[in-house]
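Here's the structure we're looking at; comments come further down.
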Amino acid sequence: MEVNFQEIEKKWQKAWEEAKIFQVREEKGKKKFYVLEMFPYPSGTGLHMGHAFNYIIGDVYARFKRMQGYNVLYPMGYDSFGLPAENAAIKQNIHPKEFTEKAIENFIKQQKSLGLSYDWSRMIKTHEPSYYKWDQWIFLQMLKKGLVYRKKALVNWCPECKTALANEQVKNGRCWRHENTEIEIKELEQWFVKITDYAEELYEDIDLLEWPENIKKMQKNWIGKSHGININFKIKGKTWPVFTTRPDTIYGVTFLAISWQHPNLFEIVTKKQKKEVEKFLKKIKSTSQKEIALMEKEGVFTGSFATNPLTKEKIPVYVCNFVLAEYGSGIVMCVPAHDQRDFEFAKKYNLPIKIVIQPENKKLNEKEMKEAYTEEGVLVDSGPFTGLQSKEAREKISDFMEEKKIGKRVVQFRLKDWLISRQRYWGTPIPVIHCKNCGIIPVPEKELPVVLPEKVVFGKGNPLETAKEWLKVKCPKCKKEAKRETDTMDTFVNSSWYFLRYCDPKNDKKIFDKEKVKYWMPIDQYIGGAEHACAHLIYFRFYTKFLRDLGLLEIDEPCVKLFNQGMVHKDGSVMSKSRGNVVLPEEVSKKYGIDAARLFLLSMASPDKDIEWTDKGIEGSYRFLLKVWKYFNKVKIGKSSARLESKYNKTVKEVTNDIENFKYNIAIIKLKELFDSFDEEESKEVLEGFLKMFSVFCPHITEELWHKWNNTFISIEKWPEWKEEKINQQFDEEEKDVEKLIEDINNLVWLLKRKGKTPKKLFVYVLPTDKFYLEFVEKIKKKTNLETFIFLTNDKNKYDPENKAEKAREKKPAIYLE
RNA sequence: GCGGGAGUGCCGGAGCGGUCAAACGGGCACGGCUUAGAACCGUGUGCCUCAGUGGCUUCGUAGGUUCGAAUCCUACCUCCCGCACCA
């Protein structure tokens, strides 16, 4: 290596840190910009290029905005509570705290070596009591408002994690942390956060966000809003509401289906059918969650009949495996003719199929139907509603039922309350006390934080149960002996408000200073992976809205703009420790320097796309850096041509725009093109402007080169501005004409060579109106490797033995070779 | 099944109505430099043609809109990613 890039990197990283140039504080007159990457869980294995990519994308943006004159908040911290640390602790016999702190130390070291421009003074670690104290405080506020509650419910249980999970942590019937572990459904008493109270707002406000469309869609689907009506069916003299979005099919209902998990199922099961139903339940319970979803639709008659409130018909009620207990009312009205599931079920159990909606263009017939007709149409056999369009009928029938008080329009959400209690150690203790006399009593705010005890035994059950001293506590109400809650909070709680704490990370009096948060929030640019679409990215919106309602925030949404970066692949699959295809930044750095790695990662493709890491590829970036290095070490500062100035200004304009829109790859290409057209002498403005723009991608080498002429930091220099009047479109066109000419010349040379002639001299004849070609003698010479002469066609003294000059046309010079 | 995205040269990947045989990088070939190699520099890299600056065929497949399409529309195929019995 001709240049010791590693040395340069270290030197500037240290200098930046010592000069504290990336530290910020609120400045009234200065426009702020908050750039944030989703903070990492500090895994024991450290970070590889895949992780690095994420931070580098953010760093470029932060540097760019900073140079543009914004007061940029760009912090980093660690989401340091979580199961992996606890599991590692058990495996390696090391305390989770020690394990985590070591991992964090390693992360910091690695991140610093990437040249990231964080304000490290604001670092937060969620496992520290100074942070999780406020998790507990928020919990208590929610408790006060009735937003957290304890309930016995059917919950997702991961036998591997040995804890309950939130719905968002179940992927395809399996645990989000254990791809091969099937979730069990258990009935347990757990703590829930009533996120559903905010479902409407969470759903509707998605439209206000400038987020990638797919993420917005995923959230909308997850929250799942649907309009419908609860219709009252009478079963055994009692009223049971049944939710449907299709009241227009009410005349086609031939049976009801109740979920096998319905809490009040046995109220409607008759004595005669009890055995049968129990047998059925036993069978489903022995089937795994995933298989139930794939299972054929099955059910058993409950023995009861329901009365259709409109038709007064008696219809049988079945208990079924395909009805969800947690959605709607857990009972559905079944219209086999117009719902595929109902159709399949009816076919299997020989239940009647009754058509009440006919399509416009053909006529359905019960006997010939192969599948349900679920589209719109005209109502038939529907009493007074016959003949209406189904869409219209939905409204009319709903109106009618509301009038008669047999139904009520409702909005249903798919989103469920957030189960936040975990039966594990390494998390925020839930700040409540169980008292035999008083029940569940919140820990008084002034006693926060409830510090996680360090002396516990791992391996069996919840380790907190072994912290005997810690468990014992006086009931705050009756002062008698009581017991602490041993459940801890889901780690997603910690990450739901960390972005607020960055605004005031050391406050020990309050969760944060309202004014400081007001200054920095919202996050102007958030960067992270799409995998958080339905968990973190919903939770942090929910927290924001809740804290707003507490009067602590004045914003409705935590972040307006979100960017999803692509994944880094290697050898065809996503880079990951478990696949064993990781590339470590420190190793790349040793060989090529971290600037080359940054440049390569960002020039490969648009940063929102997946990219493939190749060792060859980075060599290309490295070569370019060497070229830049050499050039700047010998360039003379002087004047630039009008042509170059035009190109420079155009580049500034375009690169500014490209970076703003995350088209880093395009920006880099344009910078490379600008660099390629540099001469041995260029103006200071141009050279410095290039370095400044390039510095957001390769901060170390540019900082070093900058210091040849300056003693300020390029990292906080002012972003170059372009002068529109210097951009001359014609120069571009002329350049293209010259390229074309060179192509023609080379084509000719190739032809001649095929005929055994090797030309040495080149004569070009241009029309007097195309004078600009004369300026390119050197370029043409270089690109053709021929001794080059350019004449104007009206030049009396031109050398032209074959009268080629006659052939010259506008923008098509004549060529003679010999 | 539903939703989102993508299919471009040997490869990665730009382009998203004309300036496109297609940026930039990688690979490969040739030439220069060199004792030789590495590095570096230049050229070429769809096909044909030619002392020329021209023709033909290409951007998943098939149609369509247009004076004009890789770019717009329609259908289909393939791939990736989410959600998945939500009534």
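Computed over heavy atoms, backbone and side chain alike; hydrogens, waters and symmetry mates excluded. Order of the sequence lines fixes the chain letters, A, B, ..., with proteins taken first and strands second; residue numbering starts at 1 for each chain.
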Sub-6.0 Å ring centroid separation between Trp260(A) and Phe280(A):
no

Matching residue for Gln219(A) among Asn214(A), Leu202(A), Leu415(A), Leu537(A) - test: side-chain contact (heavy atoms from CB on, under 4.5 Å):
Leu537(A)

Cation-pi between Lys761(A) and Phe789(A): NZ/CZ under 6.0 Å from ring centre and within 45° of the ring axis?
no

Does the Arg598(A) side chain pair with the main chain of Val696(A), one donor and one acceptor, at a distance under 3.5 Å?
yes

Under 4.0 Å, heavy atoms only, any strand: does Ala814(A) hit a base, just the sugar-phosphate, or nothing?
base

For a quick check of understanding: with a heavy-atom distance under 4.0 Å over all strands, which category does Val323(A) fall into, base, sugar-phosphate or nothing?
base

Remember a base hit wins even if backbone is also touched, and classify Ser226(A) as base, sugar-phosphate or nothing at under 4.0 Å, heavy atoms.
sugar-phosphate

Between Glu733(A) and Asn221(A), whichever has its closest RNA chain B nucleotide further toward 5' is Asn221(A)

Return the value, rounded to whole Å, for the distance between atom OH of Tyr622(A) and atom P of G25(B).
18 Å

At under 4.0 Å between heavy atoms, what does Lys220(A) touch on the DNA or RNA strands: base, sugar-phosphate, or nothing?
nothing

Run the ring-centre check on Tyr799(A) versus Phe763(A) and record whether the distance is less than 6.0 Å.
yes

Ranking A14(B), A87(B), C83(B) by distance to the side chain of Lys171(A), first place goes to C83(B)

Could you check whether the side chain of Lys297(A) and the base of C85(B) have a donor-acceptor pair of N or O atoms closer than 3.5 Å, going by distance alone?
yes

Rounded to whole angstrom, note down the P distance from G25(B) over to G32(B).
23 Å

So which of Ile668(A), Leu602(A), Leu599(A), Val60(A) actually passes side-chain contact (heavy atoms from CB on, under 4.5 Å) with Cys698(A)?
Leu599(A)

Per the side chain to side chain donor-acceptor pair (under 3.5 Å) rule, which among Lys663(A), Lys653(A), Lys670(A) passes with Asp658(A)?
Lys670(A)

Give Ser606(A) one of three labels, base, sugar-phosphate or nothing, depending on what nucleic acid heavy atoms sit under 4.0 Å from its own.
sugar-phosphate

Categorize Glu673(A) for me: base, sugar-phosphate, or nothing, with a 4.0 angstrom heavy-atom threshold over every strand shown.
sugar-phosphate

What stems, by residue range, does RNA chain B take part in, given at least 3 consecutive Watson-Crick or G-U pairs under 3.5 Å?
B:1-7 with B:77-83, B:10-12 with B:24-26, B:27-32 with B:40-45, B:46-48 with B:54-56, B:60-64 with B:72-76

May I ask you to say what Pro813(A) touches in the nucleic acid, namely base, sugar-phosphate or nothing, with a heavy-atom cut-off under 4.0 Å?
base

Report the nucleotide, chosen from A14(B), U53(B), C86(B), that has the shortest atom-to-atom distance to any side-chain atom of Arg414(A).
C86(B)

Can you find a donor-acceptor N/O pair under 3.5 angstrom joining the side chain of Arg341(A) to the base of A87(B)?
yes

What contact category does Lys217(A) fall into here, base, sugar-phosphate, or nothing, at under 4.0 angstrom with non-hydrogen atoms?
sugar-phosphate

